[in-house]
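Report on one structure; see the data block that follows.
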Amino acid sequence: MQTLLLRSLSPTLRFARMASTNTSIFGLRDSSLIKQQAFIDGKWLDAQSGETIVVTNPATREVLGAVPEMGLAETKSAIDAAARAFLAWSTTTAKHRHDILLKLFALMNDHHEDLSRLITLENGKTLTEAKTGRKHVQRIVHRGKQTILHAVTRSLPCFLVVWYALPSLLNPRLNPLPAEEAVRTYGEHIPSALPGVRNITIQQPVGVVSILTPWNFPSAMITRKLGAALAAGCTAVIKPPPETPFSCLALVELARRAGVPDGVINVVTTQKNVVAVGKEMCESKIVKKVSFTGSTAVAKLLAGMAASTLKKVSIEAGGNAPFIVFNDANMDEAIAGAIVCKFRGTGQTCVCANRIYVQSEVYAEFASRLADKVAQFKIGNGLEEGITHGPLIHDRAIEKVQAHVADAVELGASVLIGGSAVDSDKGSFFAPTILSDVPANARLTDEETFGPLAALIKFESEEEVIKLANDTDVGLAGYFFSRDVGRVWRVAEKLEVGMIGVNTGLLSQAVIPFGGIKESGLGREGGHGIEEYMNTKLIVMGGLA
Ligand SMILES: O=CCCC(=O)O
């Protein structure tokens with residue numbers, strides 16, 4: 001009813017209506033961060049058609065607001081704006097861009113509460129998780145570097161921005177990794193094979209970049225790409241997901257306040273017209289790079305389109321992470337690792353454990369201790385105190401988890417806990433679930449569940465489990481727990497994935513080279529991520545003899 005009412009209002013009236021109720025709906029301190037228009041060439045705009053996309057809260061099914069349903073014309077205009085802006089932005093100094101990123105980082109920190117609240121409202125994850133980008137982290141790493149980094153940089157999206165800006169905000173003793181990516185885009189001198197000749201390389205920004213992001217990390221997936229693009233001197237057209245556009249638009253508003261010039265960042269919101277918009281973003285000759293995070297199926301389509309002009313492509317696609325517990329594992333660490341790895345984001349991250357292989361001697365203990373922990377979860381609206389896990393993003397996600405449970409049970413698995421949707425009138429909730437004795441041919445062993453389903457599969461030997469773990473087309477992340485140093489090296493080298501957690505269930509940090517192999521993707525983001533946004537140019541200088 002509310003949805004229909006919003007749709008029938010003109011964009012201006014709709015905006016006025018929402019703005020008048022923003023404080024109560026969103027509870028933000030700075031409600032001017034709530035943008036219900038797209039952003040092209042420094043202007044907030046409605047769609048030319050006047051059509052809108054309604055955005056709802058998955059924890060309550062309430063309408064949060066609406067954003068424009070843009071199409072091909074607006075996408076072309078955003079790409080043109082980015083191309084015009086590139087002329088000036090690409091010639092600014094790295095120091096200038098670094099200073100602007102630093103201002104953006106400071107603004108994100110100042111508005112940290114509001115940005116986190118927006119994530120919870122549109123994505124459903126708990127406020128604690130929205131604030132840190134992590135769930136249950138304090139428990140497992142509160143002694144380590146990472147917690148201190150969180151305290152300083154507040155969240156993964158903030159840290160991703162500062163990673164491309166200035167690390168000295170972080171205590172260098174605690175964060176010895178080199179940062180200042182914007183100002184460290186060094187070239188090199190290559191000793192010449194010819195007399196009187198010098199070989200030099202320089203790094204130059206690739207140009208206009210298309211950025212297409214998913215809903216599971218409404219801010220971090222944008223900063224991971226946009227931070228690198230801006231630092232390198234590229235300009236961008238972003239297509240945020242229709243489920244979570246408000247976090248993206250709020251970040252862009254902060255970037256505008258930080259002094260990012262008109263046209264450098266453009267946002268096109270779309271849902272119904274996604275095919276036409278995506279095609280233009282990938283096929284336009286003006287665009288020089290596409291960066292996408294999402295499903296492997298869509299990644300293949302986009303990469304095919306980008307191939308028509310041989311663009312650079314970075315892809316972070318689906319995973320089907322194996323999580324292996326050997327007999328010699330530290331069981332406390334393995335349980336804590338499984339909780340964070342499987343249930344972070346209510347199981348909706350591309351690096352979540354999808355198949356949990358447990359060696360036979362410790363299988364029973366692992367299963368019963370994991371079930372005890374999961375029984376303590378409290379699912380509900382992530383804004384409420386005490387809630388540990390939020391909803392799934394929408395009902396289609398619930399259907400997939402349900403289908404994976406039904407398939408495994410039919411093949412002989414048993415439900416240790418959970419197993420079905422709950423409170424579906426209120427929101428898209430699925431009970432955190434553990435299945436035991438899942439057969440190795442269950443559908444979920446071949447397909448990412450993307451939900452709160454821990455599937456336990458028993459194995460006997462190291463050889464057997466490596467074979468099972470690698471028996472998939474994708475290879476993003478993998479995890480295993482063992483205290484045998486020989487095994488640690490053997491298994492780490494043999495697992496066919498881009499990232500491995502050994503005795504940890506949590507990999508994600510701004511500084512790591514994030515990415516996969518096989519059908520999980522191309523390129524790396526975060527650490528080394530800036531390289532994906534730059535071209536190496538060789539200059540051979542003669543006549544110097
Ligand atoms: O879904 C992608 C995972 C992102 C992360 O863990 O940083």
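Note that this is a predicted model, so its numbers are computed, not measured. FYI, side chains are in, hydrogens and waters are out, and symmetry mates aren't considered; it's all heavy atoms of this structure. Numbering of ligands and ligand atoms starts at 1, following listing order.
- Ligand-side atoms of ligand 1 in range of F514: 3 (C), 4 (C), 5 (C), 6 (O), 7 (O), range being under 4.0 angstrom from any heavy atom.
- Taking each of G319, G294, C350 in turn, the one with a heavy atom nearest to atom 2 (C) of ligand 1 proves to be C350.
- H389 pairs with exactly one of F429, F430, F377 by the ring-ring contact (aromatic ring centres under 6.0 Å, His included) rule, that one being F377.
- A salt bridge is defined here as a Lys NZ or Arg NE, NH1 or NH2 lying under 4.0 Å from an Asp or Glu carboxylate O, and E253 with R256 meets this definition.
- Centroid-to-centroid, the aromatic rings of F481 and F326 stay 6.0 Å apart or farther.
- Atoms of ligand 1 lying under 4.0 Å from at least one heavy atom of N216, given by number and element, are 1 (O).
- No side-chain N or O of K239 forms a donor-acceptor pair with one of T75 less than 3.5 Å apart.
- For an aromatic pair to be called close, the ring centres must be under 6.0 Å apart, and F450 with W215 satisfies this.
- Look at R224 and you'll find a heavy atom under 4.0 Å from some atom of ligand 1.
- Between the side chains of T349 and N216, no donor N or O sits under 3.5 Å from an acceptor N or O.
- Annotation: R344 places an N or O atom under 3.5 Å from an N or O atom of ligand 1; distance criterion only.
- Neither the backbone nor the side chain of T293 has any atom closer than 4.0 Å to an atom of ligand 1 (non-hydrogen atoms only).
- If you number the atoms of ligand 1 from 1 as listed, the ones under 4.0 Å from a heavy atom of M221 come out as 4 (C).
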